S.K.: 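One structure, pasted below without further comment.
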2 protein chains.
Amino acid sequence: MSITIKDVARAANVSVATVSRVLNKKSNVSDDAAEAVNRAVKELGYSPNFLGRDLRKSETRRILAIIASTEQSFYSEVLRGMEEAASAKGYDVIIATTRDDPNHEMHLLGMLFSRSVDGAVLLGPKLDAATISQLAENHNIAMCLERLENCKVLTVTIDNVKAGKDAVNYLINKGRRRIGLITTKLRSQSSIDREIGYRQALEENGIPYDESLIFYGSYEAESGTKGCEALMNLPNRPDAIFSISDMIAIGAMNYALSSGIDIGKEVLFFGFDDIQYSHIFVPHLSTVRQPCFLQGKMVVEKLIENMKSDEPDKSLYMLPHSLILRETTGD
Amino acid sequence: MSITIKDVARAANVSVATVSRVLNKKSNVSDDAAEAVNRAVKELGYSPNFLGRDLRKSETRRILAIIASTEQSFYSEVLRGMEEAASAKGYDVIIATTRDDPNHEMHLLGMLFSRSVDGAVLLGPKLDAATISQLAENHNIAMCLERLENCKVLTVTIDNVKAGKDAVNYLINKGRRRIGLITTKLRSQSSIDREIGYRQALEENGIPYDESLIFYGSYEAESGTKGCEALMNLPNRPDAIFSISDMIAIGAMNYALSSGIDIGKEVLFFGFDDIQYSHIFVPHLSTVRQPCFLQGKMVVEKLIENMKSDEPDKSLYMLPHSLILRETTGD
DNA sequence: ACTATTTGTTGAATCGTTTTCATTCCGGCA
DNA sequence: TGCCGGAATGAAAACGATTCAACAAATAGT
C-alpha cells in the first residue's frame, strides 16, 4: 500500500538498518550510502510510519493536555507555555477536551494507558483526588492551574488563598468594609481557596464575616449579573465586590452599569484571571493575574523530567501571582 | 516492563490469540476462556498497547484538528461538533495549535503523514492552496470555517460573501448610506469574502464605493478602536460600521462609547461571529452567526466517509448563516 | 606480515498487537 | 463405526520501524 522503509532500502540498494541509521542521523554510515538513501527517500516521497517507530522505542514524544473546553480563552497562554517547554525537548503537545464529563476525561486518559502519549497534564480535572492519585502511581500525570486536596501528583498552580486574600486586602486598604463575594456553587479547589482567602482578609482586618454578602452562582457572566443585582438590593449593600473570575466580574459590572452605579467610586470591582476582555470592557477591570505561560512551561518541564526519572517528583509548586490595578478600583 | 497481552495469556492459561479475541469481543470463544481472560485482565490491570494495535490495524481512530490557537473561543463550538460526529463513529478528536506559523502547521501535519492520526481538519490554515491541494491528494485532509481559492480539498464553511452582503444590506435597509468597514490588513479568505459582500451590497443599492470608509487593521479589539476613531474623524463620517469580527466590533464600540456616540441610533454597528461577549457587552451587538457546531459535525462526518472511500469527496459545502439583531442596530 | 582496532554493513530479533491458517475436539448423522 | 462440520484454540505471520550481534573490509600499530 504505502511506502515503507523496505522500499527505500531496496531503491537505495542498502539494508533497512542502514536506512534507519541515515534517517536517525546515526554514525557509521558512509557518505555514498547516506546519499543514496536520501535520494530514494525523496524520490519515493517516503515518510516513516511512527506507529512502527513508537512501538519499537516505546515512546511517542507526545504530551496530552486535557482541558474542559477551548471556550475559556484563558487556557491559551498556559498551552503556549506547555508547547514552548515541550518543543524545546522535542515533544509535541496535543489537546483534548473533557466536555466537563469525568467519564470522558477517563477515556482521554486512556491515551496515556494505551501508550498513545507519553504523559498527560490535567487542567482543571473532573476526576477526584483519589482516582488521580492512584493513576499517578503508574503513569506520567501532572496537574496545572488547579490543585486537589490530598492528591499525590505533580502540580503547578498559584496560591489561590493568598491571591484571594491579596485582592480583598487591597479593597480593604481602599477603605472598604462591606465587601461582597461572587463565587460559584459547584466549586473547583481554586474557587474554594479564593473564598478562604477572602475570609482570611476580613478576619485579619477585624471585619465581621457577613454571610449575606456572598453570592453562589455559576461560571457564566449572567450569573455575575444576577449576583450583583442580589447584592446591590441588600438593605446594607456592599461597597466593593470581589468576583472569583473576570467573566463573572464583567457580568456583575453589567448590572452595575445598567443601574447607574458609579463603578470605581461608589462600588469597587475586583476580578480574577486577567482575561483579554478585562481591559477591553469599559471600565477596565482590576484583577489578579496568574503567570499562565510560566505555569504551562513549568509543568511540562517537570513532567518530562519525571518521565525519565524513576522516582517522580510529586510536589506542589505555587508560582507568584500579581494584582493588576485598573479603573474599577479607582486606579 | 509493563504488562502485555502475553502476560494476560499466561495468567489466563490461554493463547494471546484468545485474549485478543476476548478483548475485541469476537465470536468463537468459550465462556470459560472469556471469563478467565477477563479476570486476568482485571487482576493484572492490563490495558492494551495501542501502538501495537494501531500498527497492526494501520489505523488509529484519531482525527487531528489544527487551529491557530485556543484563544478564539469561537472555535469551541466547532470542535464540539467535530467531537460529536467523531464520537458517533468511534473516533477521537485531538487538537493542536499552529501558533500562526505555517512551518509548525506543516510539522503538525506530520502526524498525518506518519500515520499517528487517520485524518486532519484545518481550521484557518496558514499554508497556501497549492500546498494543501497537493497534500490532499495522498492524505485525508479537510478544511473548516475557511475556504481557499483553487484548493482541491474537502471544505465545509459558510458563504461569507453572502453573509457580508446580508449584513450590509440590513444596514442599508435601515436607511444608512455611508457604511464603514473595519477589516484586517493580513486577510484570510473569509475576510476577503466579507469585504466582497460589502461591496456587492453597496453596488446593488446604487451606493458609491468610498475607499476612505474602509479601515485595514488587525484582529485585535484595539484595532477596532483605532479603526472607529479614524472613521469617526472623517469629514463625512459614517452612519453605520460593519466589522468583520465581533472582537473588532467591540473594540470599535469602545471608542464610540467613550466619545459619546449614540450607538444604535446615530451610528449602527454590525459584527461577525456571535461570540459570547457580543451579548454580554452593552449595548448588545448585532452580528452574523455561523452554524459552528454543524460545520464541525459535517466536516468530520465527510472526512470519515472519505477515509473509507477510494475516490474522496473534495467539494465545497456552504452552510447557511443567520443575522442576529440586537441593540446596536436599534433592534 | 600479522594482529588489533575501527568502520560500514547486514540479517535477524524485537516491540505488542491482530489475524490467518491449521489443528483439535466433539457431537450428529448415515 | 466412520465421516463430516462446526466451534474453540493456538502457533505463527504479519504490521513498520529500531537496534543488537555478527561479520567483512579497511586501516593502524608493532
Side-chain angles (χ1 to χ4, degrees), chain A residues 1-38 40-41 44-62 90 110-118 138-139, chain B residues 1-38 40-41 44-62 90 110-118:
Chain A
M1 181 62 87
S2 59
I3 300 127
T4 76
I5 199 172
K6 271 189 198 156
D7 302 318
V8 177
R10 201 172 309 127
N13 244 322
V14 295
S15 74
V16 293
T18 304
V19 177
S20 175
R21 257 175 287 124
V22 172
L23 261 45
N24 294 291
K25 306 195 200 311
K26 287 274 180 60
S27 51
N28 290 345
V29 41
S30 69
D31 293 349
D32 283 3
E35 207 215 342
V37 167
N38 284 323
V41 164
L44 299 176
Y46 167 74
S47 104
N49 183 325
F50 278 17
L51 297 174
R53 162 184 302 191
D54 293 348
L55 172 59
R56 179 59 227 250
K57 299 181 110 173
S58 298
E59 71 163 4
T60 63
R61 301 231 137 215
R62 243 171 274 132
M111 295 183 64
L112 186 58
F113 312 149
S114 63
R115 285 33 158 238
S116 299
V117 296
D118 292 347
N138 310 309
H139 297 99
Chain B
M1 181 63 87
S2 60
I3 299 127
T4 75
I5 198 172
K6 271 189 199 159
D7 302 317
V8 177
R10 201 171 311 127
N13 243 322
V14 296
S15 73
V16 293
T18 303
V19 176
S20 175
R21 273 187 288 250
V22 172
L23 261 46
N24 295 290
K25 307 195 200 313
K26 287 275 180 62
S27 53
N28 293 344
V29 39
S30 68
D31 292 349
D32 284 1
E35 207 215 340
V37 167
N38 284 324
V41 164
L44 299 176
Y46 167 73
S47 104
N49 183 324
F50 277 17
L51 296 175
R53 164 185 299 193
D54 293 348
L55 173 59
R56 177 59 225 240
K57 298 181 108 170
S58 299
E59 72 163 3
T60 63
R61 300 229 138 216
R62 243 170 273 133
M111 295 183 64
L112 186 57
F113 311 149
S114 62
R115 278 56 152 221
S116 299
V117 295
D118 292 348

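So that the names make sense, note that chain A is the first sequence line, chain B the second, and so on, each numbered from 1. Keep in mind the model is a prediction, meaning the values are calculated, not measured. Values below: every heavy atom of this structure, side chains too, minus hydrogens, waters and symmetry copies.
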S.K.: Could you state the CD-C1' distance from B/E59 to C/dT17, rounded to the nearest angstrom?
M.R.: 13 Å
S.K.: Taking all non-hydrogen atoms of both residues, which atom of A/L44 and which atom of A/A11 are closest, and how far apart?
M.R.: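 The pair with the smallest heavy-atom distance is CD1-CB, 4.1 Å.
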S.K.: Donor-acceptor pair, A/N38 side chain versus A/E35 backbone, under 3.5 Å?
M.R.: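 Between the backbone of A/E35 and the side chain of A/N38 there is no qualifying donor-acceptor contact (under 3.5 Å).
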S.K.: Kindly write out the residues that satisfy salt bridge (Lys or Arg N to Asp or Glu O under 4.0 Å) with B/R62, not counting sequence neighbours, or none if the list is empty.
M.R.: B/D54
S.K.: Once you round it to whole Å, what is the distance between P of C/dT18 and NZ of B/K25?
M.R.: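 These atoms are roughly 12 Å apart.
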S.K.: On DNA chain D, does the nearest nucleotide to B/A34 precede the nearest nucleotide to A/S47 from the 5' side, or the other way round? Give the residue.
M.R.: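 By nearest-heavy-atom nucleotide position, the 5'-most residue is B/A34.
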S.K.: Measure the distance from CD1 on A/I3 to P on D/dC15 and round it to the nearest whole Å.
M.R.: 15 Å
S.K.: Testing the basics here: between B/S47 and A/R115, what is the closest heavy-atom pair and its distance to 0.1 Å?
M.R.: O-NH1, 3.4 Å
S.K.: Residues from residues 50-58 of chain B sitting under 4.0 Å of DNA chain D, heavy atoms only?
M.R.: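 Here the set is B/L55, B/R56.
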S.K.: Measuring to OP1 and OP2 of C/dT9, would you say a side-chain N or O of A/T18 lies under 4.0 angstrom away?
M.R.: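 Negative; the distance criterion is not met.
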S.K.: Going by the rule ring-ring contact (aromatic ring centres under 6.0 Å, His included), which residues pair with B/F113 if we only count those two or more places apart in sequence or in a different chain?
M.R.: B/H139
S.K.: OP1 or OP2 of C/dT18 less than 4.0 angstrom from a side-chain nitrogen or oxygen of B/N24, does that happen here?
M.R.: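 So the side chain of B/N24 is within the cut-off, an N or O lying under 4.0 Å from OP1 or OP2 of C/dT18.
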S.K.: According to side chain to side chain donor-acceptor pair (under 3.5 Å), who are the partners of A/S20, at least two apart in sequence or on a separate chain?
M.R.: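 Per chain and number, A/S20 pairs via side chain to side chain donor-acceptor pair (under 3.5 Å) with A/N24.
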S.K.: Would you say that A/V14 contacts A/V19 through its side chain, given a criterion of any heavy-atom pair below 4.5 Å between the two side chains?
M.R.: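 Of all side-chain heavy-atom pairs linking A/V19 with A/V14, at least one is under 4.5 Å.
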S.K.: Taking side chain as C-beta onward, heavy atoms only, is B/V29 less than 4.5 Å from B/T18?
M.R.: yes
S.K.: Short of 4.0 Å, heavy atom to strand atom, which residues of residues 4-15 of chain A count as contacting DNA chain C?
M.R.: A/V14, A/S15
S.K.: Just the atom pairs and distances: protein N or O near nucleotides 6-8 of chain C's N or O, under 3.5 Å.
M.R.:
none

S.K.: Could you state the interatomic distance from CG (A/L55) to CZ (B/R56), rounded to the nearest 0.5 Å?
M.R.: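 Spacing of CG (A/L55) from CZ (B/R56) equals 13.0 Å.
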S.K.: With a 4.5 Å heavy-atom cut-off, do A/I5 and A/Y46 have their side chains touching?
M.R.: yes
S.K.: With side chain to side chain donor-acceptor pair (under 3.5 Å) as the test, would you mind laying out the steps for B/S114 and A/R53 before giving the verdict?
M.R.: CA-CA 10 Å; B/S114 62; A/R53 162 184 302 191; over 6 Å; no
